[in-house]
Number of protein chains: 2
Amino acid sequence: MARSRKRTRLPNRREIIIKAAGRLFREKGYEGTTVRDLAEAVKLQSGSLFFHFDTKEEILVALLEDGLRRAVAILDRRLANAMTPREKLSAILHGHLEAILDEERDAFYVVLRDWRTLSPASRKKVIALRDEYESHISSALEELSDTGLIPRNTRLFRLFLLGALNWTVQWYKPDGDLTIGQLADGFLDLVAPDRLNTDQNRK
Amino acid sequence: MARSRKRTRLPNRREIIIKAAGRLFREKGYEGTTVRDLAEAVKLQSGSLFFHFDTKEEILVALLEDGLRRAVAILDRRLANAMTPREKLSAILHGHLEAILDEERDAFYVVLRDWRTLSPASRKKVIALRDEYESHISSALEELSDTGLIPRNTRLFRLFLLGALNWTVQWYKPDGDLTIGQLADGFLDLVAPDRLNTDQNRK
DNA sequence: GTCTATAGGTAGATAGAC
DNA sequence: GTCTATCTACCTATAGAC
């Protein structure tokens with residue numbers, strides 16, 4: 001206890017493996033990535049991975065669970081700071097896009113594509129987390145439905161808005177000409193135009 | 001030549017295999033589906049498949065190419081019949097959703113998830129077709145940008161709208177309470193409200 | 001904790017009979 | 001065109017030395 005104080009907690013091997021798995025699974029798919037690929041990425045022999053995880057699937061589950069849990073935290077932090085209806089809508093867009101495009105990018109992409117390969121037990125756990133994340137967004141949107149800020153057909157609007165947001169994982173490039181914040185603001189202006197800022201409405 | 005006249009062209013074995021592959025690849029993924037699975041689905045032995053296709057990947061490519069080509073045709077037919085700006089926008093929504101949720105459902109789902117597993121040569125061909133399909137939508141939207149029907153930031157609007165539409169493949173259930181036509185009309189009303197039909201705007 | 005070596009299983013693809 | 005039989009390669013996972 002007295003010996004040494006950790007300044008920045010170094011990621012342990014397990015976390016390093018999960019992070020590398022996230023990148024590889026996103027790039028080549030879970031089934032397209034072999035444990036040898038993963039071992040090479042973290043400079044181990046393939047057998048050594050099985051000291052840290054019992055199975056390959058356990059690595060996938062760890063990636064998805066960690067990622068989804070952190071995403072909920074990111075979103076909730078944004079929502080907690082939002083007061084007006086428009087701020088809340090903005091928080092949903094910024095928080096969600098930040099989670100899926102930046103911080104937990106790999107986990108979101110992989111869970112979307114590869115959740116079907118999970119065993120029933122793992123699938124249940126992961127899908128429950130995914131549903132929980134989405135329920136935070138849905139209930140926040142539900143609150144807005146009476147303010148007049150969003151259309152009255154909440155279900156269809158929710159499907160439309162979340163679809164547009166979720167699809168960004170397919171095309172958004174972090175090194176492109178659009179920051180995540182700009183994208184969120186741009187989308188916000190499409191669904192709830194700020195009438196004070198009329199530049200974009202003038203012809 | 002004189003012997004018999006085909007009334008309805010029976011799908012030949014090759015087409016039967018492609019169709020079964022579409023269902024299996026969508027359900028279990030391309031890599032998660034073995035040639036033995038596919039052979040069983042069409043009541044053949046696994047070796048017999050290789051009389052019709054040289055490799056497993058060739059089956060995937062055939063599925064995607066056929067599907068994307070037909071999708072372009074579906075969309076263009078809809079667009080050709082549309083006159084007013086709002087009809088054109090409606091044609092985009094109806095045509096696109098019909099293509100990806102009904103007629104070429106399997107191909108769209110699979111190309112989205114599994115295109116990365118294709119060899120570079122096959123990938124190039126398939127992506128070119130995908131781009132061509134999308135360009136038909138994009139240019140139709142571009143035409144609408146001067147009519148005032150859609151927002152002036154066409155790029156962001158296009159990304160937003162196509163994202164919402166494309167994402168429907170993730171959640172739309174053909175046997176649910178929403179027909180594809182109803183979905184298209186509902187989305188149309190969100191992006192370009194019909195002011196004559198004010199029921200939905202009244203509070 | 002990581003290594004080497006390999007077991008045990010299954011994948012895509014081929015050969016040749018019919 | 002389809003079958004049976006099988007090849008080769010590679011996969012996940014394990015065993016035991018260090």
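Letters A, B, ... are given to chains in the order of the sequence lines, protein chains preceding strands, and every chain is numbered from 1.
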Euclidean distance, atom CG of residue A/Leu38 to atom P of D/dT12 [Å, nearest integer]: 10 Å

What's A/Arg13 touching, base or sugar-phosphate or nothing? Going by heavy atoms closer than 4.0 Å. sugar-phosphate

Rounded to whole Å, how long is the line connecting atom CG of B/Leu44 with atom C1' of C/dA13? 16 Å

Atom CZ of A/Phe51 to atom C1' of D/dT12: distance rounded to whole Å? 19 Å

In this structure, how many angstroms lie between the C1' atom of C/dT2 and the CZ atom of A/Phe50, rounded? 14 Å

Centroid-to-centroid, A/Phe187 to B/Phe157, below 6.0 Å? no

Where the side chain of A/His52 is concerned, which of C/dG1, D/dA13, C/dA13 is the nearest nucleotide? C/dG1

Please report, rounded to the nearest Å, how far the P atom of D/dT12 is from the CG atom of A/Leu24. 12 Å

Phosphate-side-chain proximity, B/Gln45 and D/dT4, N/O vs OP1/OP2 below 4.0 Å: yes

Just how far, in rounded Å, is P of D/dT14 from CG of A/Asp54? 7 Å

Going by modelled atom types, is there a donor-acceptor pair between the base of D/dT12 and the side chain of A/Arg36 at under 3.5 Å? yes

Beyond-backbone contact of A/Glu98 with A/Arg78, side-chain heavy atoms, under 4.5 angstrom: yes

I need the CD-C1' distance between B/Glu31 and D/dC11, as an integer number of Å. 12 Å

Using only side-chain N and O atoms of A/Ser48, determine if any of them is under 4.0 Å from OP1 or OP2 of C/dC3. yes

Contacts of A/Gly47 and A/Asp37 projected onto DNA chain D by closest heavy atom; the upstream (5') one is A/Asp37

To the nearest Å, how far apart are A/Arg14 CZ and C/dG1 P? 13 Å

Can B/Asp106 and B/Lys28 be counted as an ion pair, charged N to O under 4.0 angstrom? no

May I ask you to say what A/Thr34 touches in the nucleic acid, namely base, sugar-phosphate or nothing, with a heavy-atom cut-off under 4.0 Å? sugar-phosphate

Does A/Asp76 pair with A/Arg69 as a salt bridge, N-O distance under 4.0 Å? no

Less than 4.0 Å between a side-chain N and a carboxylate O, is that true for B/Glu103 and B/Arg70? no

